[in-house]
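In what follows, a structure is listed as structure tokens, so that the remarks can point back to it.
Treat the numbers as computed from the prediction; the structure is a model and nothing was measured.
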Amino acid sequence: MSYVITYSDYSPSQCEGELYIDPRYTLDSNSDATTWKIGVMARIWKNGQSKSTEYLTGFGTVRIKRAAKVTVNASPEPVAKGKTLTVAGTITRADWVRHKYTGFGGKSAKLQFRKAGTSTYTTVKIVKANSAGALKTTVTASADGYWRWTFGETDTTGGATAAGDYVDVK
């Protein structure tokens with residue numbers, strides 16, 4: 001972010017800054033995942049000494065979201081062509097009270113497949129996680145390739161995509 005701040009009795013200044021939030025020390029409630037207002041504290045210096053401190057608002061807002069993770073496990077590996085393949089996984093998200101990831105239940109995730117030798121994933125089906133965030137479905141094995149789950153963001157939680165799990169089809 002970059003802002004130009006002008007005061008009638010001071011020359012203009014360009015300010016830049018970054019905000020890093022460490023949820024282990026800064027956030028103590030999951031309800032902190034909301035829209036935050038941006039404010040700035042500016043210290044005015046003259047001749048090497050602090051003359052005054054200004055608290056400025058009106059710089060906009062930023063959306064703070066809880067991080068999410070998705071896992072995947074396709075089995076059995078290898079699998080015979082035409083046989084049933086079970087694809088499982090879990091959607092979890094940061095719990096800022098417990099300081100760990102916990103199941104994010106009731107959310108839908110896309111099961112995607114990428115055939116070996118290609119670079120594009122295709123959505124095969126959409127599955128709703130159980131109350132603990134667990135995902136599970138079956139598909140018919142047809143070709144070697146990578147299976148993954150992908151979860152879209154919500155108002156309070158960012159999206160996540162699992163790394164592909166390679167399955168060899170015999």
Side-chain angles (χ1 to χ4, degrees), residues 1-2 16-40 57 59-170:
M1 290 182 236
S2 180
E16 293 184 24
E18 293 181 16
L19 172 66
Y20 171 75
I21 299 172
D22 186 335
R24 294 174 297 175
Y25 306 110
T26 309
L27 304 170
D28 59 5
S29 171
N30 291 320
S31 62
D32 287 338
T34 187
T35 301
W36 288 19
K37 294 179 182 176
I38 300 171
V40 176
T57 60
F59 289 97
T61 59
V62 63
R63 187 81 185 159
I64 304 297
K65 293 187 177 195
R66 295 161 67 178
K69 294 181 181 180
V70 183
T71 62
V72 65
N73 183 37
S75 61
E77 297 177 55
V79 64
K81 187 172 187 171
K83 295 294 183 182
T84 300
L85 180 69
T86 300
V87 186
T90 306
I91 304 172
T92 58
R93 68 175 173 171
D95 184 319
W96 294 335
V97 175
R98 296 183 183 136
H99 303 291
K100 64 180 185 177
Y101 281 80
T102 57
F104 194 21
K107 301 301 175 190
S108 294
K110 294 177 183 177
L111 176 63
Q112 297 183 326
F113 177 72
R114 177 173 66 90
K115 190 173 180 179
T118 67
S119 60
T120 304
Y121 278 90
T122 303
T123 297
V124 176
K125 60 172 75 174
I126 297 173
V127 175
K128 189 173 181 177
N130 71 12
S131 61
L135 298 160
K136 188 173 183 180
T137 192
T138 59
V139 293
T140 301
S142 60
D144 294 350
Y146 299 86
W147 292 93
R148 72 179 185 186
W149 293 105
T150 185
F151 162 73
E153 67 181 60
T154 69
D155 285 344
T156 61
T157 305
T161 300
D165 184 13
Y166 183 79
V167 175
D168 182 21
V169 177
K170 299 284 184 187

Exercise. For the atom pair OG1 (Thr123) and NZ (Lys110), what is the distance rounded to the nearest 0.5 Å?
Worked result: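 Taking OG1 in Thr123 and NZ in Lys110, the distance rounds to 5.0 Å.
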Using a 4.5 Å cut-off on heavy atoms from C-beta on, say whether the side chain of [Y] contacts that of [X].
| X | Y | answer |
| --- | --- | --- |
| Thr122 | Phe113 | no |
| Trp147 | Val124 | yes |
| Glu77 | Asp165 | yes |
| Arg63 | Thr156 | yes |
| Arg148 | Val70 | no |
| Asp32 | Ile64 | no |
| Thr71 | Lys69 | no |

Looking at [X] and [Y], what are the two nearest heavy atoms and their distance?
| X | Y | answer |
| --- | --- | --- |
| Ala67 | Tyr101 | CB-OH, 3.3 Å |
| Val169 | Ala143 | CG2-O, 3.2 Å |
| Val127 | Lys136 | CG1-O, 4.0 Å |

Problem set entry | Set of residues satisfying ring-ring contact (aromatic ring centres under 6.0 Å, His included) with respect to Tyr146, sequence neighbours excluded |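 For Tyr146 the ring-ring contact (aromatic ring centres under 6.0 Å, His included) partners, ignoring immediate neighbours, are Tyr166.
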Exercise. Of Thr84, Leu111, Val167, Thr86, which meets side chain to side chain contact (heavy atoms under 4.5 Å, CB included) against Val139?
Worked result: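 Going through Thr84, Leu111, Val167, Thr86 one by one, the side chain to side chain contact (heavy atoms under 4.5 Å, CB included) with Val139 is satisfied by Leu111 alone.
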[X]: partners by salt bridge (charged side-chain N to carboxylate O under 4.0 Å, His left out), with sequence neighbours left out:
| X | answer |
| --- | --- |
| Glu153 | Lys65 |
| Asp95 | Arg98 |
| Lys83 | none |
| Lys170 | Asp168 |

Problem set entry | Qualifying residues under side chain to side chain donor-acceptor pair (under 3.5 Å), relative to Thr57, sequence neighbours excluded |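 In terms of side chain to side chain donor-acceptor pair (under 3.5 Å), with neighbours along the sequence ignored, Thr57 is linked to no residue.
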Exercise. Do the side chain of Trp149 and the main chain of Ala88 share a donor and acceptor less than 3.5 angstrom apart?
Worked result: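 Yes: the side chain of Trp149 pairs with the backbone of Ala88.
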Problem set entry | Verdict with reasoning, Lys125 to Thr137, per side chain to side chain donor-acceptor pair (under 3.5 Å) | CA-CA 9 Å; Lys125 60 172 75 174; Thr137 192; 3.0 Å; yes
For this session: Apply side chain to side chain donor-acceptor pair (under 3.5 Å) to the pair Thr92 and Thr90, showing each step before the final yes or no.
Result: CA-CA 6 Å; Thr92 58; Thr90 306; over 6 Å; no
Exercise. Between Thr118 and Thr120, is any side-chain donor less than 3.5 angstrom from a side-chain acceptor?
Worked result: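 Side chains of Thr118 and Thr120: no pair found under 3.5 Å.
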